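First up is the structure itself, then whatever we jot down about it.
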Amino acid sequence: MNANNRRLTGALLIGAVALLLLPWFSLEAGFFSSGWLTSLWSDSSNAPALWQLGEHPWLAIAIALFVLCAACGALPSRMRSRLLLLFSALGVLFLVIEGHAIGYSGWSWVWLENRFGALESGQPAMGAGALLLLTTFLLLFSFALAERGVMKGDAFVVASLVLLTALVSIFVLYPVLSMFVVSVQDVDGSFKPDGLISNIQDPSIWSLSCLSGGTCGTAWRTLWLALMTAAGSTLLGLAFALAATRTPLPFKKALRMLTILPIITPPFVIGLALILLFGRSGVVTEHLAALFGIEPGRWLYGLTGIWIAQVLSFTPIAFLVLIGVVEGVSPSLEEASQTLRANRWRTFSRISLPLMAPGLANAFLISFIESMADFGNPMVLGGSHGVLSTEIFFSVVGAQNDPSRAAVLAMILLCFTLTAFVLQRWWLGGKNFATVTGKGDGGKHVQLPRVLRFGVYGMVIPWGLFTLVIYGMIVVGGFVQSWGLNDALTIAHYVRAFGVSFSDGHLLWSGVAWNSFWTTLEIALIAAPLTAIVGLLTAWLIVRQKFAGRQTFEFLLMLSFAIPGTVIGVSYVMAYNLPPLEITGTALILVACFVFRNMPVGVRGGIAAMSQLDKSLDEASLTLGANSFRTLRKVVLPLLKPAISAALVYAFVRAITSISAVIFLVSAQYNMATSYIVGLVENGEYGVAIAYSTVLIVVMLLIIGLFQWLVGERRLRRVARPVDMLAPPASTSLTQESAV
């Protein structure tokens with residue numbers, strides 16, 4: 001049995017399981033409740049597809065298409081691939097169309113009922129069986145394409161592209177489009193573009209009166225803030241990366257941990273800490289008033305305060321993207337520059353810095369999009385200076401209740417992020433930044449010029465101390481009886497949140513935070529590896545494979561990252577609250593939201609790191625007989641350990657600290673930590689909220705350390721080589737330890 005037949009047989013076995021052994025429709029108690037196992041063939045609501053034919057006869061079409069796909073296995077290769085393409089594509093189309101066309105009570109659209117008559121019964125949303133059969137049809141479609149020579153017949157590459165395209169379409173494009181449809185819909189669902197036209201012309205969005213001393217419109221205010229935040233975060237991220245890799249600064253491990261701290265904190269907690277320091281009754285404000293008679297002001301509540309909080313929050317993201325890129329610059333190139341009598345400044349500015357361009361561009365783009373989509377910091381510190389994300393939130397849940405306005409604001413935000421994306425592609429287009437080639441390489445990284453080194457110290461050390469002060473306020477806040485009223489120390493907040501007691505010999509988790517705490521950890525630990533896998537696989541496909549629509553595919557991946565979390569949350573609720581995919585209120589919708597919202601960071605970090613790996617590494621592996629999957633696993637991934645670690649850390653942390661999307665998707669059964677903390681803040685329980693946040697920070701630090709230990713470091717082994725009379729005496733050789 002050749003490889004094509006083995007793949008086909010495996011996919012058909014998966015389809016048989018979907019039709020015979022799994023519930024076809026969604027279960028009220030959930031698939032993982034396992035109660036359906038005992039009533040699979042006795043309860044119609046739990047039955048697989050074959051047992052559903054009597055009540056839902058249209059399922060016979062899906063079964064027939066699967067049987068036709070199975071029959072193709074006996075045909076000659078060329079005819080088999082053609083028919084398999086046809087039948088599998090029809091299977092995908094049928095499942096998608098019938099899932100949308102038939103709802104709980106019958107036809108979903110009136111014109112279908114007028115055309116075919118009323119149905120005797122409707123159908124629930126798709127369950128495990130239907131989704132697995134849909135996946136089977138997609139796999140069969142991929143294998144047929146590979147048999148016809150697409151992507152040089154590499155079934156792994158084709159299947160990865162097809163499945164990723166399907167996932168992006170389901171969990172990114174579909175909910176986003178469903179949100180945009182609202183902008184031209186009336187209450188009864190009819191087409192009415194009046195709201196779109198009136199909102200797009202709103203002067204409060206586009207006003208430029210700030211040029212004459214007035215207030216800028218929301219769009220320009222958001223754009224200016226995003227540009228300033230991206231510039232500040234990228235500059236500081238580069239400074240921290242250089243300090244950690246190119247200077248003799250002591251305590252570098254502590255420095256790396258310090259750069260991670262802001263990202264593992266719920267953003268509104270940083271805002272509260274800034275208020276405690278610089279608010280009208282803040283510690284610093286009161287001391288300045290007492291010492292110098294400076295009258296307390298409200299400078300913190302506006303764009304300045306938001307900018308400080310965002311740079312604090314997003315510098316770690318820039319650092320995580322840049323650290324692998326800075327480490328990956330070839331030392332031999334820097335040594336060659338100095339051999340040609342270039343000084344350290346010229347070497348850095350003409351050799352090292354240009355090779356860091358992919359990382360700088362990606363760090364700027366990610367920080368820009370993060371600032372655009374940020375909700376927590378503007379909510380706490382914005383005051384009357386609203387930005388697009390907060391305006392969207394109030395348009396959806398505020399008194400105005402105007403979904404059309406929310407959709408228009410989201411479209412404006414997308415235009416900004418799309419422009420940034422296109423500019424970044426234009427700047428990097430056609431340039432090569434490969435520095436890790438698998439060939440001999442050597443030397444140590446050149447130390448920074450003295451002026452630049454002290455400039456890096458001047459940014460890193462004060463910012464690090466400022467970050468420590470911020471976190472000192474957060475830690476102290478959890479032990480203070482009542483912020484601003486009673487400064488007596490207490491542990492009552494921790495006891496209330498995470499109390500444990502014994503009763504009748506049993507351990508009781510009596511703290512109010514335990515339920516959301518365990519739920520948050522479980523969902524984050526599931527979402528983080530999935531995010532890293534999907535993100536880095538996508539980056540590998542974008543960088544290493546050539547296929548039609550590659551840039552469009554890359555942009556679609558950025559959509560969920562570019563849209564504010566409030567819009568993502570609302571669009572997910574709208575898209576997945578009814579058939580064909582009803583997952584609102586389940587853990588699956590939270591995992592899907594985290595994976596596809598945070599995946600772009602893994603993609604951008606992977607692209608930046610992979611841009612430094614020469615294609616000859618892949619080609620050598622393939623020449624030696626390894627397939628693409630083995631090449632990816634044995635050659636590429638070991639060289640991407642910094643990117644893997646960054647993707648895991650970021651995905652895990654964001655799954656715990658996200659608030660804007662989560663607040664719409666949580667349920668009584670699956671309540672996340674951030675939504676619970678927001679509830680505590682709304683009830684005035686600031687001490688318990690800070691105590692909960694502090695425990696989350698400690699837990700995240702421990703798990704981040706575990707991730708980094710499991711992933712390990714990229715091993716670029718440098719060994720001494722014989723001294724050549726024409727070569728510099730300090731030269732060494734670089735080899736990559738990867739097995740094919």
Side-chain angles (χ1 to χ4, degrees), residues 221-245 255-267 270-271 273-274 303-326 353 356-378 381 387-389 413 416-417 420-421 423-424 427 455-456 458-467 470-471 558 561-562 564-565 598 600-605 607-608 642-643 646-647 649-650 653-654 657-658:
R221 192 161 55 238
T222 306
L223 177 62
W224 173 248
L225 176 65
L227 290 171
M228 293 298 295
T229 298
S233 299
T234 303
L235 182 62
L236 276 170
L238 178 62
F240 274 104
L242 291 174
T245 59
L255 177 67
R256 292 194 181 209
M257 189 61 68
L258 187 63
T259 59
I260 294 175
L261 275 177
I263 201 175
I264 63 176
T265 307
I270 291 181
L274 288 173
L303 293 185
T304 303
I306 300 173
W307 179 77
I308 294 173
Q310 286 188 345
V311 173
L312 266 171
S313 299
F314 305 145
T315 293
I317 302 173
F319 171 77
L320 290 173
V321 171
L322 287 167
I323 184 67
V325 177
V326 172
L353 192 60
M356 300 174 192
L360 292 169
N362 286 315
F364 187 93
L365 179 64
I366 291 173
S367 299
F368 179 86
I369 293 175
E370 280 277 19
S371 175
M372 280 277 181
D374 185 30
F375 171 78
N377 293 313
L381 296 169
V387 294
L388 286 173
S389 59
L413 191 151
F416 285 145
T417 53
F421 177 77
L423 288 175
Q424 188 231 31
W427 184 46
V456 167
M459 287 189 286
V460 167
I461 294 175
W463 193 258
L465 293 175
F466 180 57
T467 303
I470 291 290
Y471 281 87
M558 302 300 292
F561 192 73
N598 299 328
V601 171
V603 174
R604 303 310 305 176
I607 289 174
V649 169
Y650 181 80
V653 167
R654 287 306 298 262
T657 60
S658 293

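Since the model is a prediction, treat every value here as computed from it, not as a measurement.
- Nearest heavy atom pair, residue Thr234 against residue Ser367, reads OG1-OG, 4.4 Å.
- In terms of heavy-atom proximity, Thr222 sits nearest to Leu388 at OG1-N, 3.0 Å.
- Between Phe368 and Thr229 there is no side-chain heavy-atom pair separated by less than 4.5 Å.
- The distance from the CG atom of Leu223 to the CE atom of Met228 is 12.0 Å, given to the nearest 0.5 Å.
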Going through the distances and angles, do Trp307 and Val311 end up as a side-chain contact (heavy atoms from CB on, under 4.5 Å)?
-> CA-CA 6 Å; Trp307 179 77; Val311 173; 3.6 Å; yes
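- Inspection of the Gln310 and Asp374 side chains reveals an N or O donor paired with an N or O acceptor under 3.5 Å.
- In this structure the side chain of Leu227 reaches within 4.5 angstrom of the side chain of Phe364, judged on heavy atoms.
- Distance check: Leu465 CG to Ile470 CD1 gives 12.0 Å after rounding to the nearest 0.5 Å.
- Contact record, Gly237 with Ala318: CA-CB, 4.2 Å, taken as the closest heavy-atom pair.
- Inter-residue side-chain proximity for Leu320 and Phe240 is flagged as unmet; no heavy-atom pair is nearer than 4.5 Å.
- Pairing each heavy atom of Ala309 with each of Leu274, the nearest pair is CB-CD1, 3.7 Å.
- The two residues Leu312 and Thr467 come nearest to each other via the heavy atoms CD2-OG1, 3.7 Å.
- Taking the side chain as every heavy atom from C-beta outward, Phe314 and Ile317 approach each other to under 4.5 Å.
- Taking OG from Ser313 and CG from Asn377, the interatomic distance works out to 4.5 Å, rounded to the nearest 0.5 Å.
- Considering Ile323, Val326, Leu322 in turn, Val326 is the only one that fulfils the side-chain contact (heavy atoms from CB on, under 4.5 Å) rule with Leu242.
- The shortest heavy-atom contact between Met372 and Leu413 is O-CD1, 3.5 Å.
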